[in-house]
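Everything below concerns the one structure shown next.
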Amino acid sequence: MIETPSLVDQYCHGVLRTELGLGTFEAQLVRTEGPPAPGTTLFDTQTGFAVRRWCPPLLGLEPHCPPARYLARRRELGVLEAGRRLLRGSGITAYLVDTGLPGDLTGPTELGTAGDAEAHEIVRLEQLAEQVADTSGTVESFLANLAESVHAAAAHAVAFTSVAGVRHGPALAPEPPGPGEVRGAAGRWLAARRVGDEPSDPVLLRHLLWLAVASGRPLQLHAGLAAPGTRTDPVLLTDFVRATAGLGTDLVLLHGYPYHRQAAHLAGVFPHVYADCGTDPVRTGARAATVLAEVLELAPFGKILFSSGARGLPELHVVGAHLFREALARVLGAWVAEGAWSPDDARRVAGLIASGNAGRVYGLA
Amino acid sequence: MIETPSLVDQYCHGVLRTELGLGTFEAQLVRTEGPPAPGTTLFDTQTGFAVRRWCPPLLGLEPHCPPARYLARRRELGVLEAGRRLLRGSGITAYLVDTGLPGDLTGPTELGTAGDAEAHEIVRLEQLAEQVADTSGTVESFLANLAESVHAAAAHAVAFTSVAGVRHGPALAPEPPGPGEVRGAAGRWLAARRVGDEPSDPVLLRHLLWLAVASGRPLQLHAGLAAPGTRTDPVLLTDFVRATAGLGTDLVLLHGYPYHRQAAHLAGVFPHVYADCGTDPVRTGARAATVLAEVLELAPFGKILFSSGARGLPELHVVGAHLFREALARVLGAWVAEGAWSPDDARRVAGLIASGNAGRVYGLA
Amino acid sequence: MIETPSLVDQYCHGVLRTELGLGTFEAQLVRTEGPPAPGTTLFDTQTGFAVRRWCPPLLGLEPHCPPARYLARRRELGVLEAGRRLLRGSGITAYLVDTGLPGDLTGPTELGTAGDAEAHEIVRLEQLAEQVADTSGTVESFLANLAESVHAAAAHAVAFTSVAGVRHGPALAPEPPGPGEVRGAAGRWLAARRVGDEPSDPVLLRHLLWLAVASGRPLQLHAGLAAPGTRTDPVLLTDFVRATAGLGTDLVLLHGYPYHRQAAHLAGVFPHVYADCGTDPVRTGARAATVLAEVLELAPFGKILFSSGARGLPELHVVGAHLFREALARVLGAWVAEGAWSPDDARRVAGLIASGNAGRVYGLA
């Protein structure tokens, strides 16, 4: 039996502080562009079914109970108490929290307290740039403050993350842009931006990525289909990956699905590249074991990290953790049963993926 | 036990009316460019093996009997009687028939009668354009007649379909082309075309797609590797998909394989997008359950539609239906056995994919 | 029970002649750019675990013994004796050996003798071009000698292979370049090259590929992610594949993973295209059966060829052969058990993939 008593969730967000109704809860289950199609519900997804499987028992209900009943019980307990029970039932012992999303989400400390777990901050580069832009008067001060802010963030955050940088990835030149280029791009962006605008200029984004690389903290890059309609096969990042090799900064490829085999390939080829095997379980539910097994094809076992990718609902942290743990036990257990792996190796690898690799990469205690 | 007594085949073609020998039958099994390689036969494919598994018993023979014996029995019964027995043994209760292929294929009425099932027409946009071109004297009359024909077709057809539009998809600008552009493209095509030429001008194809979108009928787009050597990862259609959102017209992505996970992603993100899970079973045979399960990862269960994609041989309708039904029962049955899904949910989802979703999307009785 | 007593390894390399320590052995297990990340080892990969499963018993140790113990036993026996025991325990009866890699690797004859098997040479086009360049004084003599060398190689080699040609594949015009173009490209390359430089000019590479096509010998093209960081979805080769159809020369797509479904598609559509199902087992280990089953979705069973892709370590030949044999037995055995395939068909197809197809394509006795 492969057990993983302790899980480090190396990438997630906080949870909503407000009470949710059936519709507002449903809208948080899956990222979409628009409401469910007429005659359909987002509860009829792998994520919806997984929530109904794993979460009702943590609130004292039977698995697979109807959504309305579950939501009634959740409101009865209140969002705080329900959140506490759910997070503490997840088995996650450390949360690494991307704090760069808008909305009334709990921060790392609050999440950690609710879940009785460690919590650490991941700084989102695009949001950092926005904050710095809000308080900088000139291009020169913006660029100086940006460098200073990344440096300061590196002292307390466990990692940096970037979405937009990768969204424009295929167009990225791999090298750091020159100072003149950066000044020009920053000037254009500062002149045109409205508050709340993420930077989208490729030169400015490359500059941000390279500031983060210089900090030495692990840099998490969003790949795959996580953002609706974007497409970032991580293989398209190969030139950037090669350009950052040997500098002492690790790159972590998040949400590879359905390009997770390609992400695993990069983790196999480049010493400083790691592959996330999380997020996908939350989205693929009953298929989590197969998707995990696909990551385990090419990625060295010391290069794979668990995450829930959860956002907004503590149910998603629960589902991410339970699906992952069950998938890992099933996949490795089957290989042991077939004689392909030894039981000792399987237990050791399970511990690496569940928490050991993350502890090493992020320098957790 | 997951059962699907009624199947709506949301995309197929008619069957050949002529008697077939071993070679002519073999040539219909799989779409290829050229005859089988020396020393090989197209019966040695998943499709060939699936035909030999499912069809002989419907004609009174044992499963897996040799092709020559099966063909002899088929000729003994005659193409009509064999076709009737096969189609009625498929469990398909409604056929949606793309009538836009050349060749002596039965139309919807004849197919429905032979199979004792409902039948509806799908109009292929490229063929409609050819027919209109054949009877229009000027660019102005061609464009007016084209708009009129699409409008008229929408009154009796259940859907439109387009192959060429998607074949040139990656190059497509997502928006409808302007009137001047369209006139120019139509003029060039009409001047250069020979009878039987499908339109291949990207501007004209975009115009066709947008005429169909304006009609409100579901628009089926061929993606994946269905046409030999073409490659249409449906993610490349994202901009077109986004441009058509909220207009009240559904898009159905056909034949996603091997990009079916990407098609499922789009069906999950965009309310008006649906994913076909058919065609693939016919081609992947003993692997149908796995490929179906991959579609079920990201696609909401209210957004998945069955089809056989069959063409020419009623054997392919049979194989599409049996493989799908068996795959669905196996995949959902396993999830119920593991406790991942409840039995009620599994039965309900099976009904949606087999016929419920198609009934709703195409407005079938 | 599906058995494959005889295996033709249609693509591999020789083995190292030197004794290896723990670190030098580890470095040969997997192709990477750089040493293992701190805190990790390349033994913690599917390849590493598969070597520890299958190889120790051939040297008299228990499966899954620690790497250090295995290496100690290997050195105790000596590299020659260990190699003999390993190769003779692989079940491979014929090796087709790509001799175009640098390094102290055994050639076909030595490999065949060690393994008590047939052995044949595969000529690597890029290396042939280098050798000819080393001994040709002018552009004219280089081109004449190159044509002559390809012609001469075709008389003794069983196949040609090309890596660089495909690496630049997406940019390749599909047709043969004209004589003036070729002269220009050859002149530029000869003027600029240093000894050991592989040709990378796209025109020169196209010329090489077409010389090989003209020879009539099967041409093996590297696709997939085999070379670190390169990305060659074989679908990108479609135009070249179509341009070479009907000329009497077969194309063999090597290492398709993770684009093996696309390679299988091309093998299904084009009579002269074949798909390798090897190499991948060595890299995906316990997942070999699934990856093999994915190739078996679209590729006709007469178009699939086994290889180990092994290089440097006889352990990789062993692992390739054992994983393939076990995967094939498991996949086909399951289909027989489900009734999807007949036992006779399964046995026949197993024989085709293990050796029959290779015997026919390469004209082996």
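Throughout, protein chains are lettered first and strands after them, A, B, ... in sequence-line order, and every chain is numbered starting at 1. Worth knowing before you read on, the calculation uses all heavy atoms, side chains too, and leaves out hydrogens, waters and symmetry mates.
When the side chain to side chain contact (heavy atoms under 4.5 Å, CB included) test is applied to B:T93, the partners found at least two apart in sequence or on another chain are B:S6. Remark: B:A157 engages B:V123 in a side chain to side chain contact (heavy atoms under 4.5 Å, CB included) (not counting sequence neighbours). Applying the ring pair (Phe, Tyr, Trp, His ring centres under 6.0 Å) test to B:H272 and every residue at least two apart in sequence or in another chain returns nothing.
Note on B:R242 versus A:E33: salt bridge recorded, some NZ/NE/NH1/NH2 to OD/OE distance being below 4.0 Å. Ion pairing between a basic and an acidic side chain is recognised when a charged N comes within 4.0 Å of a carboxylate O; B:E338 and A:R287 show no such pairing. A salt bridge does not link B:K303 to A:D44: none of the charged side-chain nitrogens sits closer than 4.0 Å to a carboxylate oxygen.
For B:L296, the parts lying under 4.5 angstrom from a heavy atom of chain A are both the backbone and the side chain. Contact annotation for A:P38: only backbone heavy atoms (N, CA, C, O) come within less than 4.5 Å of a heavy atom of chain B. In this structure, chain A has no heavy atom under 4.5 Å from any part of B:A245. There is no contact between A:E62 and chain B, counting heavy-atom distances below 4.5 Å.
Side-chain N or O atoms of A:H64 include none that pairs as donor or acceptor with a backbone N or O of B:D345 at under 3.5 Å. When atom types are taken as modelled, the side chain of A:R53 and the backbone of B:W341 share no donor-acceptor pair closer than 3.5 angstrom.
Chain B is approached within less than 4.5 Å, heavy atom to heavy atom, by A:R330 from residues 321-334 of chain A, ordered by number.
The most heavy-atom pairs under 4.5 Å with chain A, out of B:G302, B:G246, B:G339, B:A299, come from B:G339.
Using a 4.5 Å heavy-atom threshold, the side chains of A:F49 and B:F301 count as touching. Using a 4.5 Å heavy-atom cutoff, the side chains of A:P258 and B:Q262 are in contact. At least one side-chain heavy atom of B:P300 sits under 4.5 Å from a side-chain heavy atom of A:T45.
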Check step by step if side-chain contact (heavy atoms from CB on, under 4.5 Å) holds for A:T290 and B:E294.
CA-CA 9 Å; A:T290 300; B:E294 290 174 344; 5.7 Å; no
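Contact record, A:Q46 with B:E297: CG-O, 3.3 Å, taken as the closest heavy-atom pair. Scanning all heavy atoms of the two residues, the minimum distance from A:A37 to B:P271 falls at CB-O, 3.3 Å.
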